[in-house]
Amino acid sequence: AFETELESEKQKKLLFVQQQRKLQAELRAWSKKYESSDSKYNETIQKIDDIGLEIFACEQSLKEMVAKKEEAMVSHDVTLLDVRRLRDSLRNLLEDVCSLKQQAA
């Protein structure tokens, strides 16, 4: 009776040791998955940060382009006004010359 009980306890111990090894192997596997997942998470965060910086740089570049375009439009408008003013001055001078020619004739 004692030997069968001892044998039964040895079998239980063996079963528990096997379960412990299996659980330890699972724990190691899950730890590796966690480390891999954590590493991928950190890589993703880094990529997000990099993209954020790229977006910021693009926004700054766009602001500069818009400012240059607006400056070019203003310059164009000023040039048109200068042309109109010079055309008017030329027309007035031409009228003065015609008037002088008529007075001389």
Side-chain angles (χ1 to χ4, degrees):
F2 177 73
E3 288 180 7
T4 55
E5 190 177 325
L6 181 62
E7 189 61 32
S8 173
E9 292 299 318
K10 283 183 182 180
Q11 289 297 323
K12 284 182 185 177
K13 180 180 178 185
L14 181 63
L15 183 64
F16 287 142
V17 167
Q18 289 173 344
Q19 285 179 342
Q20 181 185 15
R21 287 182 185 147
K22 182 180 173 185
L23 291 172
Q24 285 174 338
E26 281 184 39
L27 180 62
R28 283 191 298 274
W30 281 108
S31 291
K32 286 181 183 178
K33 285 183 182 179
Y34 172 78
E35 288 173 10
S36 174
S37 173
D38 194 46
S39 175
K40 287 180 182 176
Y41 172 80
N42 289 333
E43 288 174 17
T44 303
I45 291 297
Q46 184 61 46
K47 286 179 184 177
I48 289 171
D49 289 345
D50 292 345
I51 291 169
L53 289 174
E54 192 173 331
I55 288 171
F56 180 75
C58 288
E59 287 173 343
Q60 292 303 111
S61 178
L62 180 61
K63 285 179 184 177
E64 290 174 14
M65 287 178 175
V66 167
K68 285 180 181 178
K69 181 182 176 187
E70 288 174 352
E71 185 179 318
M73 289 173 67
V74 167
S75 176
H76 179 260
D77 290 346
V78 167
T79 301
L80 287 177
L81 290 173
D82 284 345
V83 167
R84 185 176 297 147
R85 183 183 51 78
L86 290 171
R87 188 180 295 139
D88 289 345
S89 293
L90 186 58
R91 187 176 294 119
N92 289 338
L93 287 173
L94 184 59
E95 288 173 1
D96 290 347
V97 168
C98 286
S99 174
L100 287 174
K101 275 187 179 181
Q102 286 176 358
Q103 287 176 4

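Asn42 and Gln46 share no side-chain donor-acceptor pair at under 3.5 Å.
Heavy atoms of other residues, nucleotides or ligands lying less than 6.0 angstrom from CD of Gln24 number more than 12. More than 12 heavy atoms of other shown residues, nucleotides or ligands fall within 6.0 angstrom of atom CD in Glu26. By the 6.0 Å contact criterion, CD on Glu9 is enclosed, its count of non-hydrogen atoms from other residues, nucleotides or ligands being greater than 12. Counting heavy-atom neighbours within 6.0 Å of Glu3 CD, excluding the residue itself, gives a total of 12 or less.
Paired with Ser36 under the rule side chain to side chain contact (heavy atoms under 4.5 Å, CB included), one option of Lys32, Lys33, Lys40 passes, and it is Lys40.
Rounding to the nearest 0.5 Å gives a distance of 11.0 Å between CG of Leu93 and CG of Asp88. One finds the NZ atom of Lys63 at 11.5 Å from the OG atom of Ser61 (value rounded to the nearest 0.5 Å). To the nearest 0.5 angstrom, Lys68 atom NZ is 9.0 Å from Glu71 atom CD. Taking OG1 of Thr79 as the start and CZ of Arg84 as the end, the distance is 12.0 Å to the nearest 0.5 Å. Atom CG in Leu62 sits 10.5 Å away from atom NZ in Lys69 (nearest 0.5 Å). Between atom CD of residue Gln11 and atom CG of residue Leu6 there is a gap of 10.5 Å, rounded to the nearest 0.5 Å.
The backbone N or O of Leu27 lies less than 3.5 Å from a partner atom in the side chain of Ser31, making a donor-acceptor pair.
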